[in-house]
Peer 1: 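Let me give you the structure first, and then I'll get to my questions.
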Amino acid sequence: MDRRRFLQASSLAGAAFAFGARPAWSATADAHVDIMLDESVGTIAPEIYGQFTEQLGGVIYDGVWVGEGSSIPNVHGIRKQLVDRLKQIHVPVIRWPGGCFADSYDWRDGVGPRKARPTRTNFWADDPDAARLHGKGVQLYEDNAFGTDEFIRFCHLTGAQPYMASNLRSLPALDFSRWVEYCNSPAGSTTLANRRAANGSAEPYNIKYWGVGNESWGCGGNFEPGEYAEEFRRFTTWVPHYGVPLSFIGSGPNDNNLEWTNGFFEALRKKNYMPSELRGWSVHYYTWNLSLGQTTDWVAGKRDALDFDETGWYELFLQGLYMEEIVQAQWGLLGEFDPRRNIKLVVDEYGAWYKPGTQLDPSHLLGQQVTLRDALLTAMTLDIFNRHAEKVGMAACAQLVNCLNALFMSHEDKFITTPVFHVFDMYAAHQGGQSLRTSFSSPQVHYQRNGKTASLAGLLGSASMNGKTVTLTATNPDLKAPKVTEIALRGSARIASSEASVLTNPDMHAHNSFENPEGVQVKKQSVQVQGDRVIVTLPPASVSSITIQLA
Ligand code: AHR
């Protein structure tokens, strides 16, 4: 009996299972998922589904900000379609203004009447990717049209919490506390509160999340960990609270650099300094080296976003799944310094980073196309965060629009969603749920890597429960084999109904474009409920979301 006919006949098998026997079709499934309903790993912080916007290339200008006088539909200058789509995915938090830009930014340049704001040299002006701009544009010479008040409005419109990154490399600590004062001091209380009122908001913004520098081991100052710890102490020793439970996010490691983490926390320990506001330790990990181990060079290791073969498809996942090791290792080390676990990991930059050449407009520095392959990588990454819900407190995909692992592409009046957007849409139901311990069993997939066979897990995912709704998300990275998957709920519960949606395409290079905005789309997938099990076929090269309603 072939698999499809077998599934059609499976209502009989379901009856057999109701009496406790393992149903006949169970043995023929390609993959099994067991969800332990009574074993919560922790609450999935909604903030894991955060986004990152930097004053870089086409992210803010052409992406977020179109200007108040624009004929492009906008709300106070902010692209309306973007706002609507961010509300759709319940965006919980947005990080800004960088990235590397943050450590060259004076927040004062971006407040007050727009015409009076100065034009400054953007951090990215000298990036090799900027050569194609021939010396022109806000990507090189930042006119500061978008500043603190515009960013906060963007957050308010979308429902996101703001997460601001401070300048630790090129401004003194006083400017940080003054920025907090501008944002959070009560109406009428300080000169800066009055200035904020003059700029449109008498009421304080009550911003909770503050990054203390960015990549302080690199563009944020090239510090040694001990040096950064010293700056961190200076920056955080006195910052006014105004009744807001401030959360400081320290500039953590590149990839899995344990020396950085160890050096920083050792230096704090020596000074007996561990402020309670230190609630997050940032981690940046990009999946960029697709050279199959041939080089570690940052430029030579990159490959094309669109032009890849089967090996390139699987290699992206092999490299991306290193995130799991980073989370486990960094968390383990953090525990030595923070046994009470006040500090969570904040993976505030992640995604695929390809070589230049597929950006939709020359002004989109670090712009690249986003394919189905990137959707699977993003889904795998979010599943890792969900599975480690007790460790990861926040994350931000780099970046929101027109840059790297973008959810959206826009240029002037054109605007589209990418396959990565669909992943965030499919995964939104996990926000705030209890992450459930879940086991996945499926044959591995194999591919050729430098003449040797490399292997990947054949099915990966995560599950959560929110009230009576169980959400399972899963990726099938196999380019050829669909997986008939048997999902079993362990624990006392009866399934009332189930449904599934799937993101896939027969072409592994599939992507959306202005000409073909619906090239990759989410579709409904049929499921069968058999007692306390759900049977669903996960197509090759797919991301799926299965919702199970409990009675
Ligand atoms: O996201 C692009 C850049 O990557 C960010 O500015 C920086 O923090 C990282 O190196």
Side-chain angles (χ1 to χ4, degrees), residues 50-64 94-105 121-130 138-140 142 146 151 163-170 209-223 228 249-257 260 280-289 296-299 301-302 305 320 323 326 345-356 358-359 363-368 370 374 377-378 381 394-409 418 420:
Q51 303 299 335
F52 172 36
T53 54
E54 178 165 4
Q55 221 86 352
L56 153 65
V59 180
I60 297 297
Y61 305 111
D62 210 19
V64 178
I94 304 177
R95 179 175 184 243
W96 174 85
C100 295
F101 176 86
D103 278 291
S104 62
Y105 181 57
T121 309
N122 186 293
F123 172 87
W124 293 95
D126 286 334
D127 190 82
D129 208 29
V138 283
Q139 291 74 15
L140 305 185
E142 165 72 53
F146 189 91
F151 173 64
Y163 165 19
M164 320 268 264
S166 65
N167 179 346
L168 177 130
R169 174 176 57 78
S170 54
Y209 299 118
W210 294 90
V212 186
N214 168 77
E215 297 194 349
S216 301
W217 40 264
C219 64
N222 284 310
F223 292 112
Y228 172 60
I249 291 104
S251 174
N254 185 27
D255 299 358
N256 194 15
N257 187 337
W260 176 264
W281 185 235
S282 131
V283 171
H284 290 182
Y285 177 59
Y286 286 100
T287 309
W288 61 274
N289 191 342
T296 53
D297 183 89
W298 174 247
V299 174
K302 296 208 183 80
M323 181 70 87
I326 296 176
L345 296 175
V346 172
V347 188
D348 50 15
E349 291 189 28
Y350 69 88
W353 191 327
Y354 301 107
K355 68 180 186 186
T358 60
Q359 66 283 341
S363 65
H364 297 178
L365 304 180
L366 313 190
Q368 61 190 28
V370 174
D374 303 306
L377 173 74
T378 306
T381 307
M394 200 196 297
C397 178
Q399 300 198 13
L400 180 71
V401 49
N402 295 335
C403 185
L404 302 177
N405 202 49
L407 283 75
F408 307 100
M409 305 266 177
T418 73
V420 167

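Start at 1 with the first residue, then count along the sequence. Start at 1 and go down the list; that is how both ligands and their atoms are numbered.
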Peer 1: side-chain contact (heavy atoms from CB on, under 4.5 Å) with Met394: which of Asp348, Val347, Val346?
Peer 2: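 It is Val346, the one option of Asp348, Val347, Val346 that forms the side-chain contact (heavy atoms from CB on, under 4.5 Å) with Met394.
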Peer 1: Could you pull out, from Glu215, Gln55, Arg95, the option with a heavy atom nearest to atom 10 (O) of ligand 1?
Peer 2: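 Going through Glu215, Gln55, Arg95 one by one, Glu215 has the nearest heavy atom to atom 10 (O) of ligand 1.
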Peer 1: Does Phe101 reach ligand 1, in the sense of a heavy atom lying below 4.0 Å from it?
Peer 2: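 In this structure, Phe101 fails to qualify as a contact of ligand 1 - no heavy atom is under 4.0 Å.
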Peer 1: May I ask you to decide if the ring planes of His284 and Tyr286 are parallel, tilted or perpendicular, using 30° and 60° as cut-offs?
Peer 2: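 The rings of His284 and Tyr286 stand perpendicular, inter-plane angle above 60°.
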Peer 1: Decide whether the shortest distance between a heavy atom of Tyr350 and an atom of ligand 1 is less than 4.0 Å.
Peer 2: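 Outside the 4.0 Å threshold, so no.
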Peer 1: Under 4.0 Å from a heavy atom of Cys100: give me the atoms of ligand 1 that qualify, with their elements.
Peer 2: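 Numbered from 1, ligand 1 contributes 5 (C), 6 (O), 7 (C), 8 (O).
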Peer 1: With atoms numbered from 1 as shown, which atoms in ligand 1 lie under 4.0 angstrom from a non-hydrogen atom of Asn214?
Peer 2: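 Near Asn214, the atoms of ligand 1 are 8 (O).
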Peer 1: Short list, please: which atoms of ligand 1 are under 4.0 Å from a heavy atom of Phe52?
Peer 2: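 Reading through ligand 1 atom by atom, the close ones are 1 (O).
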Peer 1: Provide the number and element of each atom of ligand 1 under 4.0 Å from a heavy atom of Tyr286.
Peer 2: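 Numbered from 1, ligand 1 contributes 1 (O), 2 (C), 4 (O).
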Peer 1: Indicate the ring-plane relationship of Phe223 and Tyr228, choosing parallel, tilted or perpendicular according to the 30° and 60° boundaries.
Peer 2: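 Ring orientation, 0 to 90° scale: tilted.
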Peer 1: Do Tyr61 and Gln139 have side-chain atoms, one donor and one acceptor, less than 3.5 Å apart?
Peer 2: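 No.
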Peer 1: Is the closest side-chain heavy-atom distance between Arg95 and Glu349 below 4.5 Å?
Peer 2: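 When only atoms from C-beta onward are counted, Glu349 and Arg95 do touch, with a gap below 4.5 Å.
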Peer 1: Closest heavy-atom contact between Asp103 and Gly220?
Peer 2: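 Asp103 and Gly220 have their closest heavy atoms at OD2-CA, 3.5 Å.
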Peer 1: Below the 3.5 angstrom mark, is there an N/O of Gln399, backbone or side chain, next to an N/O of ligand 1?
Peer 2: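 Yes, Gln399 has an N/O under 3.5 Å of an N/O on ligand 1.
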Peer 1: Among all protein non-hydrogen atoms, which one is nearest to atom 4 (O) of ligand 1, and what is the separation to 0.1 Å?
Peer 2: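 Atom 4 (O) of ligand 1 sits closest to the protein heavy atom Glu349 OE1, 3.2 Å.
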Peer 1: Are the side chain of Ser363 and the backbone of Gly57 linked by a donor-acceptor contact shorter than 3.5 Å?
Peer 2: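 Not confirmed, Ser363 side chain does not pair with Gly57 backbone.
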Peer 1: Is there a side-chain contact between Met164 and Trp96, using heavy atoms and a 4.5 Å cut-off?
Peer 2: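 Yes - at least one pair of side-chain heavy atoms lies under 4.5 Å apart.
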Peer 1: Just to confirm my output: which protein heavy-atom neighbour is closest to atom 6 (O) of ligand 1, and how far is it?
Peer 2: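 Looking only at protein heavy atoms, the one closest to atom 6 (O) of ligand 1 is Glu54 OE1, 2.6 Å.
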Peer 1: Which bit of Phe123 is near ligand 1, meaning a heavy atom under 4.0 Å away: side chain, backbone, both or neither?
Peer 2: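 The answer is neither; Phe123 stays 4.0 Å or more away.
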